[in-house]
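What you see is a predicted model, and the numbers here were worked out from it, not measured in a lab. FYI, side chains are in, hydrogens and waters are out, and symmetry mates aren't considered; it's all heavy atoms of this structure. Whatever order the structure lists ligands and atoms in, that order sets their numbers, starting from 1.
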Amino acid sequence: MSLPSAPRINPSILSADFVNMQADLARIATADFVHVDVMDNHFVPNLTFGPQMVERIQATSPVPLDVHLMISDPDRWAPGYAELGAASVTFHLEAAAEPVTLARRLRDIGSRAGIAIKPGTSGDSLYEILDEFDQILVMTVEPGFGGQGFMTQAMPKLSALVAEARRRGSSVWFQVDGGISDDTIAQAAEAGADTFVAGSAVYGAVNIEAAISGLRERARAASLEA
Ligand code: DX5
Ligand code: ZN
């Protein structure tokens, strides 16, 4: 499978209509991936769905799956999402017992391996294990809910991680998630993000295709300037 090039726009179906999922997936056919937020009411104070639903999304989606696991004990549960065919599986550093072992397992199954950090978590411990991952997700809200405000204060951490990764010759992708909109995407692109999750900014738009291409153009312009 050839991978979409940057900037990538991944709409989050947390903001879709859960009882019209098939139609809401069809509406994002021009996106790069569909961002699938799995929440367990334990790692975060919200509950979405598990593997049975994600398997149906995998069977129905016009674009590959970018699964974001906001769950405890990803060491146990994450491989199942790779096995059902998700192109990318991201778990949280704060929740994983053995992140490197888990990342290797995800790659062995055939998925991209991603690691996410919450706004209060330092990125420093990722430097030594960068090569084990295909994507680093720097959260720009506290995970759990869509529609929150973008945390500008996460940008220095993102820039530092990007600089260190490039210094080490890594081509890992940098994803941001939370509060991404026409007003905030440029800041994240300037800080080095290449992959952008957007929930309410896409599903809240009257014209979804125009919202996706508008975000992509803003990110492209900002990263060229950076
Ligand atoms: C929040 C989720 C996000 C959420 C983003 O915990 O991880 O993916 O859907 O929604 P917006 O783009 O509305 O902030
Ligand atoms: Zn997410």
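Nearest to atom 7 (O) of ligand 1 among the protein's heavy atoms is D177 OD2, 2.8 Å. Nearest non-hydrogen protein atom to atom 9 (O) of ligand 1 is S12 OG, 2.7 Å. Looking only at heavy atoms of the protein, atom 1 (C) of ligand 1 is closest to F145 O, 3.5 Å. From the protein, the heavy atom lying nearest to atom 10 (O) of ligand 1 is G146 CA, 3.5 Å. When hydrogens are left out, the protein atom nearest atom 14 (O) of ligand 1 is G179 N, 2.8 Å; that is the closest non-hydrogen contact. Ranking the protein heavy atoms by distance from atom 12 (O) of ligand 1 puts G199 N, 2.7 Å first.
Comment: R105 does not engage E98 in a salt bridge, judged by the lack of any side-chain N to carboxylate O separation of less than 4.0 angstrom. The existence of a salt bridge linking R112 and D66 is excluded, since no basic side-chain nitrogen approaches an acidic carboxylate oxygen closer than 4.0 Å.
Distance check: F43 CZ to E94 CD gives 4.5 Å after rounding to the nearest 0.5 Å.
With hydrogens and angles ignored, the 3.5 Å screen pairs no side-chain donor or acceptor of S61 with any backbone N or O of Q58. Of the possible polar contacts, one joining the T184 side chain to the G179 backbone as a donor-acceptor pair under 3.5 Å is found.
Geometrically, ligand 1 and M39 share no nitrogen or oxygen pair separated by less than 3.5 Å. Between P143 and ligand 1, no pair of N/O atoms sits closer than 3.5 Å. Of the polar atoms of I180, none of the N or O atoms is found under 3.5 Å from an N or O of ligand 1, judged by distance alone.
Aromatic ring pairs are classed by plane angle as parallel below 30°, tilted from 30° to 60° and perpendicular above 60°; the pair F33 and W173 is perpendicular.
Both the backbone and the side chain of S200 come within contact range of ligand 1, each with a heavy atom under 4.0 Å.
Here atom 2 (C) of ligand 1 lies nearest to D37 when heavy atoms of V202, N10, D37 are compared.
Side chains of D32 and N10: a donor-acceptor N/O pair is absent below 3.5 angstrom, by distance only. With hydrogens and angles left out, the side-chain atoms of H42 and S72 include a donor and acceptor closer than 3.5 Å.
Within the protein, the N, O or S atoms lying under 2.8 Å from the Zn ion (ligand 2) are H35 NE2, D37 OD1, H68 ND1, D177 OD2.
Under the side chain to side chain contact (heavy atoms under 4.5 Å, CB included) rule, I136 has a single partner from L93, T195, V172, L158, which is V172.
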